[in-house]
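Reading through the structure tokens given below for one structure.
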Amino acid sequence: MLNVVLFGPPGAGKGTQSAFLVEAYGFIHLSTGDVFRANIKGATPLGTLAKSYMDQGQLVPDSVTIDMLAAELAKYPAAPGFIFDGFPRTGPQAEALDALLSGMNASVTAMLALEVPETELKARLLERGKTSGRPDDADPNVIQKRIDVYNADTAPVQHFYEAQGKYIGIPGVGSIEEITQRLKVALDTL
Ligand code: ADP
């Protein structure tokens, strides 16, 4: 069972690349952002709560996010492997993921981290905002806030996996196909 954390700042291409990797490897794709957006669309209490943070470019609190992820994981008792997209985003989330997976006799195999310079991220997110309908992509201030939160709270999660020898950096600039290829090369070494 291959369990991969696809890591990187907002706009790095995690969602785009996940789709190709699901096709090639049969992963179950768990995107916390997608689950929150589905809850917003469905007007659930979780959606209302998540929206109040997401629209400001802030992280949804750990306790809420971890409970949600645990519930998602429980839906797939016979999964061939997971690709985690947008989770973990904090140290406590990384520890919770280890605990949840170990309860399934599994573990994180590797973190694949898409490395993209900040100027490129901002340009991509503003471009995506023209068509995504995502309020958090439409406002340059919210984009900057998400990048700041990433640098302060999420980037350090890299060290958690480095310490376990599980961190693999992948250059995230180039064509979508080139980047998929780099990810596949890395995955095939696992
Ligand atoms: P992006 O990576 O482009 O910011 P996501 O869909 O991954 O897009 O996340 C959108 C928003 O959803 C985040 O800015 C945050 O508010 C919330 N979110 C997603 N995943 C998490 C998480 N693991 N912990 C806390 N908040 C999260």
Side-chain angles (χ1 to χ4, degrees), residues 1-22 24-39 46 49-50 53-54 57-116 146-172 179 182-190:
M1 184 176 185
L2 216 56
N3 294 305
V4 173
V5 173
L6 189 57
F7 195 64
K14 302 181 296 289
T16 302
Q17 293 298 335
S18 290
F20 290 105
L21 299 178
V22 163
Y25 296 86
F27 290 118
I28 300 291
H29 176 217
L30 290 189
S31 159
T32 41
D34 284 355
V35 176
F36 288 139
R37 280 185 289 275
N39 275 275
L46 174 62
L49 179 81
Y53 293 94
M54 291 167 78
Q58 289 168 344
L59 295 181
V60 178
D62 278 341
S63 57
V64 175
T65 305
I66 291 166
D67 285 353
M68 180 275 270
L69 197 273
E72 286 298 309
L73 269 178
K75 291 182 187 169
Y76 305 98
F82 293 95
I83 185 159
F84 297 97
D85 163 3
F87 187 95
R89 262 173 149 101
T90 64
Q93 290 183 17
E95 285 177 22
L97 182 59
D98 272 6
L100 284 166
L101 287 176
S102 87
M104 300 164 67
N105 289 318
S107 59
V108 170
T109 314
M111 164 178 273
L112 299 185
L114 293 169
E115 297 172 341
V116 180
R146 284 155 66 202
I147 292 174
D148 292 347
V149 167
Y150 176 84
N151 289 332
D153 298 337
T154 304
V157 174
Q158 167 176 345
H159 306 306
F160 181 89
Y161 292 97
E162 271 171 347
Q164 298 179 28
K166 292 181 177 175
Y167 180 86
I168 304 174
I170 305 284
I179 297 163
R182 288 176 201 147
L183 289 165
K184 284 184 177 171
V185 168
L187 279 170
D188 291 340
T189 65
L190 298 176

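The CE atom of Met1 lies 5.0 Å from the CZ atom of Phe82; values are rounded to the nearest 0.5 Å. A distance of 8.5 Å separates CG in Leu46 from OG1 in Thr65, rounded to the nearest 0.5 Å. Note that CD of Glu72 and CZ of Phe87 are 11.5 Å apart. Values are rounded to the nearest 0.5 Å. Note that CZ of Phe160 and CE of Met111 are 9.0 Å apart. Values are rounded to the nearest 0.5 Å. Atoms CD1 and CD, on Ile170 and Glu115 in that order, are 8.0 Å from each other to the nearest 0.5 Å. Leu114 CG to Leu183 CG: the interatomic distance, rounded to the nearest 0.5 Å, is 5.5 Å.
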- Task: Apply side-chain contact (heavy atoms from CB on, under 4.5 Å) to Leu30 and Tyr76, showing your working.
- Result: CA-CA 11 Å; Leu30 290 189; Tyr76 305 98; 4.0 Å; yes
- Message: Under the criterion side-chain contact (heavy atoms from CB on, under 4.5 Å), I'd like the reasoning laid out for Leu69 against Gln93: C-alpha separation, chi angles, the key distance, then a yes or no.
- Response: CA-CA 10 Å; Leu69 197 273; Gln93 290 183 17; over 6 Å; no
- Query: What's the verdict on side-chain contact (heavy atoms from CB on, under 4.5 Å) for Leu187 and Phe27, showing C-alpha distance, side-chain angles and the deciding distance?
  - Reply: CA-CA 12 Å; Leu187 279 170; Phe27 290 118; 4.2 Å; yes
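Residues passing the salt bridge (charged side-chain N to carboxylate O under 4.0 Å, His left out) test with Asp153, sequence neighbours excluded: none. Listed by chain and number, the residues in a salt bridge (charged side-chain N to carboxylate O under 4.0 Å, His left out) with Arg182 amount to none (sequence neighbours excluded).
Looking at heavy atoms from C-beta onward, Asp98 lies in side-chain contact with Gln164 at the 4.5 angstrom threshold. Using a 4.5 Å cut-off on side-chain heavy atoms (C-beta onward), Lys184 and Phe20 make no contact. In this structure the side chain of Arg37 reaches within 4.5 angstrom of the side chain of Met54, judged on heavy atoms. At least one side-chain heavy atom of Asp34 sits under 4.5 Å from a side-chain heavy atom of His29.
Taking all atoms of both residues into account, the shortest heavy-atom contact from Gln17 to Leu6 is CB-CD2, 4.3 Å. Closest of all the heavy-atom pairs between Ile168 and Ala110 is CD1-CB, 4.2 Å. Here the closest heavy-atom approach between residue Leu101 and residue Ser107 is recorded as CD1-C, 3.7 Å. Contact record, Ala94 with Pro88: N-CB, 3.4 Å, taken as the closest heavy-atom pair.
Among Leu97, Asp85, Leu112, Val157, the one residue that satisfies the side chain to side chain contact (heavy atoms under 4.5 Å, CB included) test with Val5 is Leu97.
Formation of a donor-acceptor pair under 3.5 Å by the Lys14 side chain with backbone atoms of Gly86 is not found in this model. The main-chain N or O of Asn3 is found under 3.5 Å from a side-chain atom of Thr109 such that the two form a donor-acceptor pair.
Ring orientation note: the planes of Phe7 and Tyr150 are tilted relative to one another, at an angle of 30° to 60°.
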